[in-house]
Amino acid sequence: MIDAFDAALPKRLAEPVNASAYAPSNIALSKYWGKRDAALNLPLNSSLSISLAEWGTTTSISPAETDSLTFNGSPLSDGNFARKVWAFVDRFRRGQELPLAIETRNSIPTAAGLASSASGFAALAQALNGAFRLDLPQSTLSMLSRYGSGSATRSFWHGFARWDRGHAEDGSDSFARSLDVAWPEFRIAIIPVDTGPKAQSSRDGMAHTVDTSPLFAPWPARAETDCAAIEDAVRDRDIGSLGPLVEANALAMHATMMAARPALNYLKPRSWAILESLHSARHEGLFAFATMDAGPNVKLIFEDIAADDVRSLFPEASLIDPFAYSAS
Ligand code: PMV
């Protein structure tokens with residue numbers, strides 16, 4: 001099988017030039033959970049996300065004498081992050097002697113406890129595209145970024161994006177596209193619960209759930225149906241049908257994890273307390289809905305009309321207006 005990554009690149013890369021790119025982070029409204037091919041990072045189901053505007057990663061690349069990497073201003077010579085970055089870069093270089101200085105900077109507040117692999121690999125793929133003057137379309141860059149992190153496929157646009165699972169064995173049709181829906185009233189709140197490193201990476205958590213959870217079997221089909229319904233609700237800009245679907249999809253994903261053996265539980269007592277306050281407030285008429293990923297922090301979606309109530313209920317939340325970014 002021809003590797004889809006290699007097939008997208010020219011045989012030899014040109015000498016690099018300076019290039020820089022920004023990518024927003026994203027939150028899945030319809031979750032990616034479970035791979036059909038771990039080496040190619042191919043998902044069992046499609047997923048759909050909203051990007052986090054100015055919360056993201058800027059990566060700059062320049063030609064150098066030797067490879068170097070800095071993260072938020074500090075040099076990084078080893079560790080998991082550096083290894084992953086250079087493994088991804090080497091998929092482009094394929095043995096060509098083209099040393100690079102890479103500088104990457106996150107604008108995501110550390111206190112928000114959000115992972116940065118999505119925006120990180122999307123920014124890196126775009127910066128490499130610029131540095132080697134590849135001129136690849138966003139869809140191809142989205143496909144390539146998948147090798148770094150699945151959720152990165154959705155970080156190439158502001159607003160809503162959908163990652164189609166694809167069907168090709170080589171993954172050449174597994175990439176995201178923008179939904180091109182403007183919903184200026186849409187808001188996100190990030191409620192931090194625990195901002196330390198996660199107990200288990202999403203990569204390991206996914207594999208463990210697929211391998212051991214008796215509740216995983218129905219997930220891929222349900223997730224695909226949810227993704228289609230969530231896309232329809234986004235296109236209709238209907239928070240009343242979107243919110244319950246998003247919350248149910250996230251809780252169903254967490255249910256597959258909790259049934260894993262041994263159980264995988266990313267949520268903390270505070271996460272559940274937030275959900276309980278949210279549910280009580282909903283009975284009182286608040287129109288806000290929750291989603292959680294492979295960590296304890298809770299994210300809410302709602303429309304601007306509910307923003308004041310969300311702020312007073314959860315004063316520790318950061319509010320994001322995903323359609324009010326300055327174009328980057
Ligand atoms: O691609 P990763 O390793 O960032 O996995 C993402 C997994 C979830 O955040 C739980 C769901 C998702 O679709 O982002």
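Counting starts at 1 for both ligands and their atoms, in listed order.
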Could you go through ligand 1 and note, for every N or O atom, any protein N or O atom closer than 3.5 angstrom, writing the atom names and distance to 0.1 Å, or 'none'?
residue	atom	partner	partner atom	Å
ligand 1	1 (O)	S149	OG	3.4
ligand 1	1 (O)	G150	N	3.1
ligand 1	1 (O)	S151	N	2.9
ligand 1	1 (O)	S151	OG	3.3
ligand 1	3 (O)	S202	OG	2.8
ligand 1	4 (O)	S151	OG	2.7
ligand 1	5 (O)	S202	OG	3.4
ligand 1	9 (O)	D293	OD1	3.4
ligand 1	13 (O)	Y32	N	2.9
ligand 1	13 (O)	R154	NH1	2.9
ligand 1	13 (O)	R154	NH2	3.3
ligand 1	14 (O)	R154	NH2	2.8

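Applying the ring-ring contact (aromatic ring centres under 6.0 Å, His included) test to every pair with at least one member in residues 228-250, sequence neighbours left out, gives no pairs at all.
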Got a list of side-chain donor-acceptor pairs under 3.5 Å for residues 255-273, not counting sequence neighbours?
residue	atom	partner	partner atom	Å
T256	OG1	M253	O	2.6
N265	OD1	L267	N	3.1
Y266	OH	Q200	O	3.0
Y266	OH	S201	O	3.2
K268	NZ	D194	OD2	3.0
R270	NH2	E316	OE2	2.8
S271	OG	K268	N	2.9
S271	OG	K268	O	3.2
S271	OG	P296	O	2.7

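Here F160 and F323 bring their ring centres to under 6.0 angstrom of each other.
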Between F186 and F302, is the ring-ring contact (aromatic ring centres under 6.0 Å, His included) condition met? List the steps. CA-CA 6 Å; F186 195 87; F302 48 95; 8.1 Å; no

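The salt bridge (charged side-chain N to carboxylate O under 4.0 Å, His left out) test applied to D173 returns no partner, not counting sequence neighbours.
A salt bridge between D6 and K11 is absent, with no side-chain N of the basic residue lying under 4.0 Å from a carboxylate O of the acidic one.
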